[in-house]
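Right, one structure below, let's go through it.
These figures come from a predicted structure and were not determined experimentally. All ligand and atom numbering here is 1-based and tracks the order in the structure. Heavy atoms only: backbone and side chains are in, while hydrogens, waters and symmetry mates are out.
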Amino acid sequence: MELITILNRCHRFRGFVYQQANFGADKKSIEVTVRPRKGSAAVCSRCHLPAPGYDQLSERRFEFIPLWGFLVFLLYTMRRVDCRRCGVVAVEEVPWGDGKPTLTKAYMLFLARWARRLSWKETAESFRTSWDKVFDAVEHVVTFGLEHRTFGQIDAIGVDKIQYSKGHKYLTLVYQIDLGVTRLLWVGKERTIESFQGFFTAIGEEITSKIVFICSDMWEPYLKVIREKCSEALHILDRCHIVAKMNKVLDEIRAGESRRMASEGRTPLLKKSRWLLLKREENLEEDQRFRLRDLLRYNLKTVRAYLLKEAFQQLWEYSSPSWAGKFLDEWCRQTMRSRIEPTKKIARSLRQHRELILNYFRAQKLISSGVVEGLNNKAKVTMRKSYGFRTYRVLELALYHSLGKLPGPESTLDFF
Ligand SMILES: [Zn+2]
């Protein structure tokens, strides 16, 4: 069986024939010459229609999927056409390649698939190619996917931000969180009003008007865009963000009080208490639980803040929005009397966003921000994997590639 027979089976194109396969001069690569089938006209790369020939360019090498340790190249002499429709002399279009990159489409698809499982660097190393080529491959596949995806009806979306670099560099990510369909819909630079508005421009007014649920954190620019664009939808404040915020504040209170006690030479009661206080009590080990109970006997600011935080968890048990509302009001009232300034600040913020919090119960808890959190965790993993050059463009491509559920370009064969 010859190599050409295999190629004809898996990578065959009308109007072109594989002529012969040889080892390259270095004996480490295989070069397969391709030529046009006799009598078949070249296709204009501008209008995608056959056009009369004009001249030939020099031979180009297209990188194909490596085989048994050999790099494989398709060698082809590009023709130029004199296209009357376009009124110019243009280079021909070849079905296995795509514009500028020197990779065949099949190889780009192949690399891009691996780049979803491995980091881009590992993908490049595994197939003895360069990081730049992996980038080209992913860019090709993602560009195709974004052009060919359909939004369909979107019932629920979640918006979140993710930090990608020091110095407050953030991305805005919008996910579809319908029951049954979860995917990344949008990556926006920064976490501004404009970056989130870009999403609504992309999906258009009709799809926007049919969105029923929106889940977000308390970031004011997001709240503003939602009020403007989606006033009909039920806007739910993300439960995970509220809990995370409380934990953050509690941790600051503990750290501050612990330092103060040390400087005053008091018994270091709060030493190694961090996880005791941040974990939910039911997730603690037996001995940790014992230590926690011991700690709670002391009248410390940290302890009082901890008890308030723990009491707040009861909110999520309610089903009725009005009872949840009563609980929330009572919790805020108690907290405002606590004389713990950071916790009071949270209570003020919760009061301010009371209705959005209660929307969680109005949505009958159907929309769980846990889905958004899960997707955002995957996004963080993706960001770590695409390391190499952590530019906005790289991250944008990597995120769409792994979380966008984009349609892939067709391939004549599954090269796995
Ligand atoms: Zn043309």
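For the Zn ion (ligand 1), the tally of protein N/O/S atoms lying closer than 2.8 Å stands at 4.
Geometrically, Lys326 engages Trp323 in a cation-pi contact, judged by NZ or CZ lying under 6.0 Å from the ring centre and within 45° of the ring axis. Relative to the ring axis of Tyr76, Arg60 does not place its NZ or CZ within 45° and under 6.0 Å from the centre. Annotation: cation-pi pair Arg191/Tyr170 present, NZ/CZ under 6.0 Å from the ring centroid and within 45° of its normal.
Once rounded to the nearest 0.5 Å, the distance linking CG of Leu308 with OG1 of Thr335 reads 4.5 Å.
Remark: the Thr382 side chain and the Ser402 side chain contain an N/O donor-acceptor pair separated by less than 3.5 Å. Side chains of Arg79 and Gln56: no donor on one and acceptor on the other come within 3.5 Å.
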